[in-house]
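A short write-up of the structure that comes next.
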Amino acid sequence: MTAAPRTVYIETYGCQMNVSDSELMLGKLAAEGYVQAEGPEGADVILVNTCAIREHAETRVIGRLGELKRHMKPGTIMGVTGCMAQRLGPRLLDQARHVSLVIGPDGYRSLPALLEGAREGHRTAVTDFDLEEHYADVLPIRGDRVKAWIPVQRGCDYRCTYCIVPSTRGPERSRALPDVVREVQAVAEQGITEVILLGQTVNSYRAGEHDFADLLRAVGAVDGIKRLRFTSPHPNDFSDRVIAAMAEVDAMCEHVHLPMQSGSSRTLKRMLRRYTREDYLACVDRLRAAIPGLALTTDVIVGFPGETDDEFAETLTAVDAVGFDDAFTFKFSPREGTPATRLPAELTVPEDVASARLEALIERVRAGARERNLRRLGEKHEVLVERGARRGEALMARTRDFKTVLVPAEGYQPGDYLTVELTGTTGSTFTGAPVASRAALPMAG
Ligand code: 5AD
Ligand code: SF4
């Protein structure tokens with residue numbers, strides 16, 4: 001009789017890079033005979049893949065680790081991976097006695113061996129960076145059948161003063177272009193038609209003589225890829241070559257998530273973002289001039305040390321000037337060891353001021369998006385059905401410019417492309433009525 005396969009449950013927090021890393025970890029463990037468990041109950045291995053970007057992300061994980069303890073059976077190995085693991089290392093082992101493995105983002109290759117060690121009673125923290133590591137030979141187990149996230153770059157060489165990422169993910173390194181193309185070909189052969197290229201500052205991609213423009217052209221040329229996206233770019237890395245490639249590659253979607261962080265040149269300087277308000281707006285103009293109908297979304301931080309009322313007001317006017325379709329908005333969260341924590345204490349923005357700014361910013365983004373979305377009713381768009389929607393008999397689909405559209409479930413399934421007329425909007429999402437449909441490529445095997 002053969003023993004039942006070992007089961008592994010992975011819970012993922014944070015960004016798409018973490019989602020992609022979890023897919024790689026699952027792939028690595030599947031190659032060793034592990035089977036994915038849908039829940040933590042009774043799993044042989046429980047991994048929590050964590051984020052360290054804001055304090056809130058970490059307190060959530062600490063709470064969750066406590067909860068997950070209840071699901072452990074004798075012999076279950078609990079591991080913490082990702083950015084918080086990298087940041088805290090052995091401190092996490094002290095803090096959570098039921099955790100036996102702490103593994104940073106460059107240590108997943110040794111997961112199977114580390115799990116064996118943990119079974120023998122070892123408690124280990126692995127936080128070395130590996131500048132060659134891309135997990136190029138690991139076949140990820142993907143959670144999504146419609147689109148694929150493809151890491152093309154790991155780490156970050158910028159030093160934004162608020163950001164923990166350079167210390168949790170190490171220096172920037174790009175994956176060889178042929179490796180990326182091979183992975184995209186493989187997902188296309190499985191019937192996936194949309195790919196999202198991932199990197200911390202993805203458009204600074206450079207591997208040998210290839211830059212991000214070459215990468216976009218090469219990926220866009222893969223048979224079966226109908227939609228190409230990337231996240232997240234840095235405004236300073238949009239060379240003319242990259243913008244030209246975006247304009248010329250048919251699959252390239254008309255949406256860019258372009259983190260602004262602040263609309264004040266003075267705040268941007270303290271953040272060490274390396275661009276001014278004017279530079280950012282000029283970048284937006286160049287993108288829009290090259291790509292008609294381009295939608296823009298962004299990230300903004302409020303309450304960065306020293307942010308005055310006037311500086312915050314400049315963020316609001318920049319939001320209006322760009323006309324973002326959406327924004328992720330954050331209150332500054334001081335991260336241990338980052339340069340921003342060394343700014344004079346008197347620059348700290350009081351919590352109530354930061355909260356009020358956050359609220360005002362959200363309102364400003366929402367009002368602008370709503371106004372623009374209302375004007376779009378009646379337009380016809382190609383949408384890709386992603387999944388069932390929470391609301392009743394509808395499916396969730398997306399336009400090329402990243403609008404969410406709810407479409408009737410009947411006759412369609414995830415992976416289908418169809419053309420819809422936008423018939424209603426909540427201000428942020430749309431409802432759509434099909435006007436013509438085109439079946440997706442058949443799913444292989
Ligand atoms: N506090 C608040 N927000 C942060 N971000 C990064 N670091 C911090 C921090 N210390 C935000 C930025 C970034 C997004 C992923 O998270 O806006 O673009
Ligand atoms: Fe992703 Fe940054 Fe969070 Fe790490 S710290 S998981 S890179 S968002």
Side-chain angles (χ1 to χ4, degrees), residues 12-21 49-61 82-84 86-88 105 149 151 153-169 172 196 198-204 230-238 256-264 267-268 270-275 277 280 283-284 296-307 311-312 315-316 318-319 322 324 326-343 347-351 353-355 357-359 361-362 365:
T12 309
Y13 293 85
C15 64
Q16 285 308 329
M17 191 62 87
N18 257 18
V19 174
S20 166
D21 280 352
N49 195 11
T50 62
C51 174
I53 199 105
R54 283 168 291 275
E55 190 181 356
H56 175 72
E58 293 200 356
T59 41
R60 251 180 91 200
V61 164
C83 291
M84 189 179 164
Q86 183 71 34
R87 192 179 86 74
L88 294 172
W149 283 271
Q153 176 200 59
R154 297 178 73 85
C156 182
D157 279 348
Y158 279 89
R159 288 288 176 272
C160 304
T161 54
Y162 50 80
C163 192
I164 192 78
V165 171
S167 72
T168 62
R169 286 191 169 268
E172 177 183 320
I196 306 110
L198 291 180
Q200 243 66 48
T201 56
V202 69
N203 52 340
S204 69
F230 55 79
T231 198
S232 287
H234 190 287
N236 290 9
D237 293 308
F238 274 120
V256 172
H257 182 74
L258 187 62
M260 178 174 79
Q261 312 302 2
S262 166
S264 155
T267 311
L268 288 166
R270 289 195 304 283
M271 290 177 163
L272 196 60
R273 283 293 286 174
R274 305 167 203 249
Y275 54 82
R277 171 195 177 96
Y280 184 90
C283 180
V284 165
L296 286 160
T297 55
T298 197
D299 293 342
V300 182
I301 299 174
V302 300
F304 187 78
E307 185 186 61
E311 289 176 21
F312 174 63
T315 292
L316 294 181
V319 163
V322 175
F324 291 111
D326 204 353
F328 293 111
T329 51
F330 310 103
K331 253 190 278 185
F332 170 68
S333 169
R335 308 308 292 130
E336 189 188 344
T338 57
T341 59
R342 295 192 287 276
L343 288 166
L347 292 186
T348 303
V349 174
E351 177 63 28
V353 174
S355 295
R357 287 180 187 166
L358 186 68
E359 222 170 283
L361 174 63
I362 291 170
V365 171

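Heads up: numbering here begins at 1 and tracks the sequence. Just follow the structure's listing: the first ligand is 1, and inside any ligand the first atom is 1.
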- What atoms of ligand 1 come within less than 4.0 Å of a heavy atom belonging to Phe332? 1 (N), 2 (C)
- Message: According to ring-ring contact (aromatic ring centres under 6.0 Å, His included), who are the partners of Phe230, at least two apart in sequence or on a separate chain?
- Response: Phe212
- With a 4.0 Å heavy-atom cut-off (strictly under), which part of Ile301 contacts ligand 1: side chain, backbone, both or neither? side chain
- Contacts of type side chain to side chain contact (heavy atoms under 4.5 Å, CB included), residue Thr341, not counting sequence neighbours: Pro334, Thr338
- Numbered atoms of ligand 1 (with element) below 4.0 Å of Arg335, judged on heavy atoms: 10 (N)
- Which ligand 1 atoms does Gln261 reach within 4.0 Å, using its non-hydrogen atoms? 12 (C), 13 (C), 17 (O), 18 (O)
- Check each heavy atom of Phe330 against ligand 1 and say whether those closer than 4.0 Å belong to the side chain, the backbone, both or neither. side chain
- Provide the number and element of each atom of ligand 1 under 4.0 Å from a heavy atom of Lys331. 1 (N), 2 (C)
- State whether Arg335 and Glu58 are salt-bridged, where the test is any N-O pair (Lys NZ or Arg NE/NH1/NH2 against Asp/Glu carboxylate O) under 4.0 Å. yes
- Task: Specify whether Phe304 and Phe332 have parallel, tilted or perpendicular ring planes, treating 30° as the upper limit for parallel and 60° as the lower limit for perpendicular.
- Result: perpendicular
- Note on the structure: Min over Ala57, Pro259, Ala327, Ser333 of heavy-atom distance to atom 9 (C) of ligand 1 lands on Ser333
- Query: Under 4.0 Å between a Lys/Arg side-chain N and an Asp/Glu carboxylate O for Arg154 and Asp21?
  - Reply: yes
- Query: Going by the angle between their ring planes, with limits at 30° and 60°, are His234 and Tyr275 parallel, tilted or perpendicular?
  - Reply: perpendicular
- Item | Closest candidate by heavy atom, reference atom 14 (C) of ligand 1, pool Thr231, Val165, Asp299, Thr298 | Asp299
